[in-house]
Asks: 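Handing you this structure, nothing more for now.
So you know, we letter chains A, B, ... as the sequences are listed, proteins then strands, and number each from 1. Owing to the predicted nature of the structure, the values given are computational and were not obtained by experimental measurement.
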Amino acid sequence: MIVHDMTFSTHFDFVAVPPYNFKLTVHKPAGWSLLTPFEVFERGTLWTVLRVPSGMVFGLKMKSEGTVDAPRVSCLAYSGHRLATNQRTELYETVKWMLSADEKVNDFYALANNDSLVRAITEDLYGMRRTKQPDVFSMLILAVTLQMAPIVRSNQMMELLIKQYGEKARFDRKEILYWPSAQTIAETSVAELKRNCKLGYRATFLKAIAETIQNGFPSVHELEKMPPAEAKLKLMELKGIGEYSADIVSPHSGFALDVWSARIFHMLFFGSEPKSPRDVIPKLKKIAEARWGEWRGYVFLYVLHDLDRLSKRLSLKLTDA
DNA sequence: GCGTCCAGGTCTACC
DNA sequence: GGTAGACCTGGACGC
């Protein structure tokens, strides 16, 4: 395992566009991690690991020093060597971008005036912002391991991949494990990936994806500059990446329905279980686009992090999936 | 303890 | 262009 001993640190802080709830944004209610499953969140402070698009790895210690209506985020970044000016600039810009600090969501909140579901979720999770992972390969690992597996098994595959082939960052008296690089997976055989990480047929996909990325693939910023449909098609050129996985990985806010979330949105739209969740996905996507337009990705995010309270509000069993 | 089923998609062959 | 069937594996379940 590659170990990064990070003894150099640099501090910066920045304001975010209100309303902005730092805790809800970096430590979301459903428990999904911001950057790595092994990050630590304690008493309002997050210790995590970031790989910026140019490839450098940083340890991050972040906390809020403001309020939801006057938000300010403090960030202490650790590295293995003193940073050049351009490296510091990339780090600063990437962190702000990752946390959607400059994103204006007024139009999303305005939907609450005429949409009771949006009203409920924005009341419950006021100030929560979407986040973006600048490391495309880690998102591709997530997407591939989520395919055709119960969540317990997906977590098992991800943890094995990180523990066997990932990287370790040591900083601020913490040790945080991080996703493997595309280079490491490209240099590992399919048989070894299958054996060590219980990936099954997904090992072939992951190896092929890693090799494609090594040979040259758009960065997350380049994907973001493309029209959403073009970025999605580019991602779908990768072996094992279909429509659902591309929606998860794309930096454009998507409506990535799988059979689990399709069941939830069918319950929300129609109050009943779908007979075949997979078959209703295209129909549900059309309804969401017509109802919420460009903000459907935000609705998706808020709903999936608000299932407990929504279930009570609407008297629906949304959390049994 | 053992056998069976199937999961938070995607690819391929075939029509 | 649409649609079955196959795909790794291990946890859940029934017996």
Side-chain angles (χ1 to χ4, degrees), chain A residues 28-33 37 130 133 136-165 185 188-213 217 229 231-250 253-269 273-286 288 296-297 299-308 310-311 316-321:
Chain A
K28 291 191 164 64
W32 306 350
S33 54
R130 70 171 174 151
Q133 164 59 286
V136 173
F137 188 58
S138 73
M139 291 301 290
L140 288 162
I141 295 176
L142 173 72
V144 169
T145 52
L146 281 175
Q147 292 172 10
M148 204 60 191
I151 195 65
V152 172
R153 185 152 148 59
S154 297
N155 287 336
Q156 177 190 49
M157 289 186 271
M158 284 187 264
E159 287 200 10
L160 286 170
L161 270 164
I162 293 174
K163 286 179 175 172
Q164 303 263 353
Y165 301 104
I185 298 303
T188 306
S189 72
V190 169
E192 192 180 327
L193 289 171
K194 272 190 187 178
R195 185 174 64 248
N196 290 344
C197 304
K198 304 180 193 287
L199 289 173
Y201 68 88
R202 301 172 196 81
T204 309
F205 290 170
L206 213 51
K207 167 93 170 173
I209 290 168
E211 288 173 342
T212 302
I213 287 182
F217 192 77
K232 193 166 170 177
L233 284 175
K234 190 69 195 172
L235 287 161
M236 287 172 69
E237 288 177 10
L238 295 166
K239 183 84 171 172
I241 298 301
E243 188 168 351
Y244 164 71
S245 297
D247 271 337
I248 288 184
V249 177
S250 174
S253 186
F255 201 77
L257 284 181
D258 51 25
V259 297
W260 170 69
S261 48
R263 175 190 168 275
I264 290 166
F265 277 91
H266 196 277
M267 295 278 284
L268 289 171
F269 290 151
E273 298 261 0
K275 285 180 183 169
S276 170
R278 204 177 294 285
D279 292 340
V280 299
I281 286 174
K283 178 181 169 188
L284 296 176
K285 285 189 170 188
K286 281 184 183 171
R296 62 194 185 282
V299 174
F300 184 82
L301 179 76
Y302 269 59
V303 163
L304 297 189
H305 285 287
D306 198 31
L307 294 180
D308 287 338
L310 271 183
S311 296
L316 292 172
K317 287 186 179 178
L318 299 174
T319 55
D320 287 345

Asks: Return whichever of Val152(A) or Tyr201(A) has its heavy-atom-nearest nucleotide of DNA chain C closer to the 5' end.
Replies: Tyr201(A)
Asks: Tell me which of Leu238(A) and Leu304(A) sits closer to the 5' end of DNA chain B, going by the nucleotide each one is nearest to.
Replies: Leu304(A)
Asks: Decide yes or no on side chain to side chain contact (heavy atoms under 4.5 Å, CB included) for Arg296(A) and Lys285(A), but give the supporting numbers first.
Replies: CA-CA 9 Å; Arg296(A) 62 194 185 282; Lys285(A) 285 189 170 188; over 6 Å; no
Asks: Send over the distance from Ile141(A) CD1 to dG8(B) P, rounded to a whole Å.
Replies: 20 Å
Asks: Would you kindly give the CD-to-C1' distance between Glu243(A) and dG2(C), to the nearest whole Å?
Replies: 15 Å
Asks: Looking at Ser154(A) and Thr145(A), would you say the former's side chain and the latter's main chain have a donor-acceptor pair under 3.5 Å?
Replies: yes
Asks: Rounding to an integer number of angstrom, what distance separates dG11(C) and dT10(B) when you compare their P atoms?
Replies: 24 Å
Asks: Could you check how far CG of Leu206(A) sits from C1' of dT10(B), rounded to whole Å?
Replies: 14 Å
Asks: Below 4.5 Å, heavy atoms only, C-beta onward: do Leu257(A) and Val280(A) meet side chain to side chain?
Replies: no
Asks: Please measure how far the P atom in dG3(B) lies from the corresponding atom in dC8(C), and state the result in whole Å.
Replies: 22 Å
Asks: Quick one, Glu273(A) with His266(A), criterion side chain to side chain contact (heavy atoms under 4.5 Å, CB included). Give me CA distance, side-chain angles, the key distance, then yes/no.
Replies: CA-CA 6 Å; Glu273(A) 298 261 0; His266(A) 196 277; 5.9 Å; no
Asks: Could you tell me how far apart Gln147(A) (CD) and dT9(C) (C1') are, to the nearest whole angstrom?
Replies: 14 Å
Asks: Step by step, work out the side chain to side chain contact (heavy atoms under 4.5 Å, CB included) result for Glu192(A) and Gln164(A).
Replies: CA-CA 11 Å; Glu192(A) 192 180 327; Gln164(A) 303 263 353; over 6 Å; no
Asks: Rounded to the Å, how far apart are Lys194(A) NZ and dC7(C) C1'?
Replies: 9 Å
Asks: Can you tell me if Arg130(A) uses its side chain to pair, donor with acceptor, with the backbone of Leu301(A) under 3.5 Å?
Replies: no
Asks: Output the pairing pattern of DNA chain C as a dot-bracket string, 5' first, Watson-Crick or G-U wobble with both distances under 3.5 Å, | for cross-strand pairs, [ ] for crossing pairs.
Replies: |||||||.|||||||
Asks: Report the C-alpha distance between Thr319(A) and Asp308(A) in whole Å, list the side-chain angles of each, state the deciding distance to 0.1 Å, and finish with yes or no for side chain to side chain contact (heavy atoms under 4.5 Å, CB included).
Replies: CA-CA 7 Å; Thr319(A) 55; Asp308(A) 287 338; 3.4 Å; yes
Asks: Kindly assign one of parallel, tilted or perpendicular to the pair Phe265(A) and Phe269(A), based on the angle between their ring planes and the thresholds 30° and 60°.
Replies: tilted
Asks: List, with names and distances, any nitrogen or oxygen atoms from the protein found under 3.5 Å away from nitrogen or oxygen atoms belonging to nucleotides 12-15 of chain B.
Replies:
unit_1: dT12(B); atom_1: OP1; unit_2: Lys239(A); atom_2: NZ; d: 3.0

Asks: Whether Gln156(A) contacts dT9(C) is assessed here as follows: a side-chain N or O lying under 4.0 Å from the phosphate OP1 or OP2. Is that the case?
Replies: no
Asks: Starting from the 5' end of DNA chain B, give me the residue, Met236(A) or Asp258(A), whose nearest nucleotide shows up first.
Replies: Asp258(A)
Asks: Below 4.0 angstrom from OP1 or OP2 of dG10(C), is there any side-chain N or O of Lys198(A)?
Replies: yes
Asks: Between dG8(B) and dT3(C), how many Å separate the two C1' atoms, rounded to a whole number?
Replies: 22 Å
Asks: Does the side chain of Thr188(A) reach to within under 4.5 Å of the side chain of Lys207(A), using non-hydrogen atoms?
Replies: no
Asks: What distance do Met158(A) atom CE and Leu199(A) atom CG have between them, rounded to the nearest 0.5 Å?
Replies: 11.0 Å
Asks: Applying side chain to side chain contact (heavy atoms under 4.5 Å, CB included) between Ile248(A) and each of Leu140(A), Leu146(A), Ile241(A), Asp258(A), report the one that passes.
Replies: Leu146(A)
Asks: Give Ser245(A) one of three labels, base, sugar-phosphate or nothing, depending on what nucleic acid heavy atoms sit under 4.0 Å from its own.
Replies: sugar-phosphate
Asks: Starting from C1' on dG2(C), measure out to CG on Asp279(A) and report it in whole angstrom.
Replies: 12 Å
Asks: Is any side-chain heavy atom of Leu206(A) closer than 4.5 Å to a side-chain heavy atom of Ile141(A)?
Replies: yes
Asks: Just to be sure I understand the rule, does Ile241(A) reach a base, reach only the sugar-phosphate, or reach nothing, if contact means heavy atoms closer than 4.0 Å?
Replies: sugar-phosphate
Asks: How many whole angstroms separate atom CD1 of Ile248(A) from atom C1' of dT10(B)?
Replies: 13 Å
Asks: What does Leu193(A) touch in the nucleic acid at a heavy-atom separation under 4.0 angstrom: a base, only the sugar-phosphate, or nothing?
Replies: nothing
Asks: For the pair made of CZ in Phe205(A) and P in dG9(B), what is the distance, rounded to whole Å?
Replies: 13 Å
Asks: Is the side chain of Gln156(A) donor-acceptor paired with the backbone N or O of Lys198(A) at a distance under 3.5 Å, no angle test?
Replies: no
Asks: Please list, for nucleotides 2-7 of chain B, all pairs of protein and nucleotide N/O atoms separated by less than 3.5 Å.
Replies:
none

